[in-house]
Amino acid sequence: VKIKNWREFLQVDLSLSKNFGNATQLCQAGYRYDQVSPCRPSKEVYPNDVLQDYANNVAAAPDYLNFNADKPVYELNPTTGKPFEHALEFRTAKMKNYLEVPQHWNVGGFVTFQQETVNEEGIHVVLEKISELVGQEAVCAADPPKHLEHKQMDAEWEQWITDHADWELEKW
């Protein structure tokens with residue numbers, strides 16, 4: 001079953017109710033119990049009832065995925081330890097986490113770019129900033145800007161995004 005529209009996309013359950021681990025052990029890929037749903041101890045395999053649970057709870061999930069679709073893992077909200085309400089909330093948390101990298105890691109430089117800017121002005125804006133940070137001129141040629149057509153957005157979708165996006169965060 002494919003997702004047909006944005007409403008279905010926003011209704012996809014970003015969690016699974018089954019947890020097989022416990023709070024004292026690490027889950028798959030080294031996540032802690034309070035970071036992912038479900039928590040599956042690294043060396044265990046999902047029992048068959050989880051596959052059914054997945055099929056029942058995420059009806060919009062495509063059945064043709066070949067990257068461990070039978071073993072989905074959803075990150076939990078790091079503030080609440082609960083599933084994200086929707087994909088936009090998850091995206092916001094990921095962006096905040098990314099912007100906090102310099103506060104937690106000793107990085108030599110940190111820059112952000114909006115995809116729209118890179119598309120409209122070209123990758124040279126990225127190359128120039130990196131060159132400036134490392135003190136060396138880029139030796140590769142930059143692709144020209146991409147002139148993408150702006151898609152007509154559904155008015156309800158536009159309003160939903162307007163109401164739910166973190167606009168302060170989107171300014172970076």
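When the shell of 6.0 Å around CD of Glu168 is examined, it contains 12 or fewer heavy atoms from other residues, nucleotides or ligands. Atom CZ of Arg91 sits in a sparse spot, with 12 or fewer heavy atoms from other residues, nucleotides or ligands closer than 6.0 Å. At most 12 non-hydrogen atoms from other residues, nucleotides or ligands lie less than 6.0 angstrom from CD of Gln152.
To the nearest 0.5 Å, atom CG of residue Leu133 and atom NZ of residue Lys129 are 5.5 Å apart. Note: Ile123 CD1 to Ile130 CD1 = 7.5 Å, rounded to the nearest 0.5 Å. With values rounded to the nearest 0.5 angstrom, Lys146 atom NZ is found 7.5 Å from Asp143 atom CG. In this structure, NZ in Lys96 is found 7.5 Å from OG1 in Thr79, a value given to the nearest 0.5 Å. Between the CD atom in Glu170 and the CD atom in Gln114 there is a gap of 7.5 Å [rounded to 0.5 Å]. Atom OG1 of Thr112 sits about 6.5 Å away from atom CG of Leu99, to the nearest 0.5 Å.
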| side chain to side chain contact (heavy atoms under 4.5 Å, CB included) between Val36 and Tyr74, worked out | CA-CA 5 Å; Val36 294; Tyr74 297 100; over 6 Å; no

| request: Could you check Glu75 against Lys94 for salt bridge (charged side-chain N to carboxylate O under 4.0 Å, His left out), going step by step and ending with a plain yes or no? | output: CA-CA 10 Å; Glu75 289 185 51; Lys94 295 305 261 182; 3.1 Å; yes

| field | Criterion side chain to side chain contact (heavy atoms under 4.5 Å, CB included) on Trp167 and Ile161, from CA distance to verdict | value | CA-CA 10 Å; Trp167 292 107; Ile161 291 293; 4.1 Å; yes

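Sorted by first and then second residue, the pairs that involve residues 77-122 and meet ring-ring contact (aromatic ring centres under 6.0 Å, His included), not counting sequence neighbours, are Phe84-Phe90, His86-Trp160, His86-His164, Tyr98-Phe110.
The shortest non-hydrogen separation linking Ala138 to Ser131 is N-OG, 3.1 Å.
Linking Ile, Leu, Val, Met, Phe, Trp and Tyr whenever their side-chain heavy atoms come within less than 4.5 Å leaves Leu148 and Val118 in two separate clusters. When hydrophobic clusters are built by joining Ile, Leu, Val, Met, Phe, Trp and Tyr residues whose side-chain heavy atoms come closer than 4.5 Å, directly or via intermediates, Val101 is grouped together with Met95.
Annotation: side chain of Pro83 is in contact with side chain of Leu76 (closest heavy-atom distance under 4.5 Å). For the pair Leu10 and Trp157, the minimum side-chain heavy-atom distance is below 4.5 Å. Side-chain atoms of Glu156 and Arg7, non-hydrogen and from C-beta on, do get closer than 4.5 Å to each other.
Judged by distance alone, with hydrogens and angles left aside, the side-chain atoms of Gln159 form no donor-acceptor pair with the main-chain N or O of Ala155 at under 3.5 Å.
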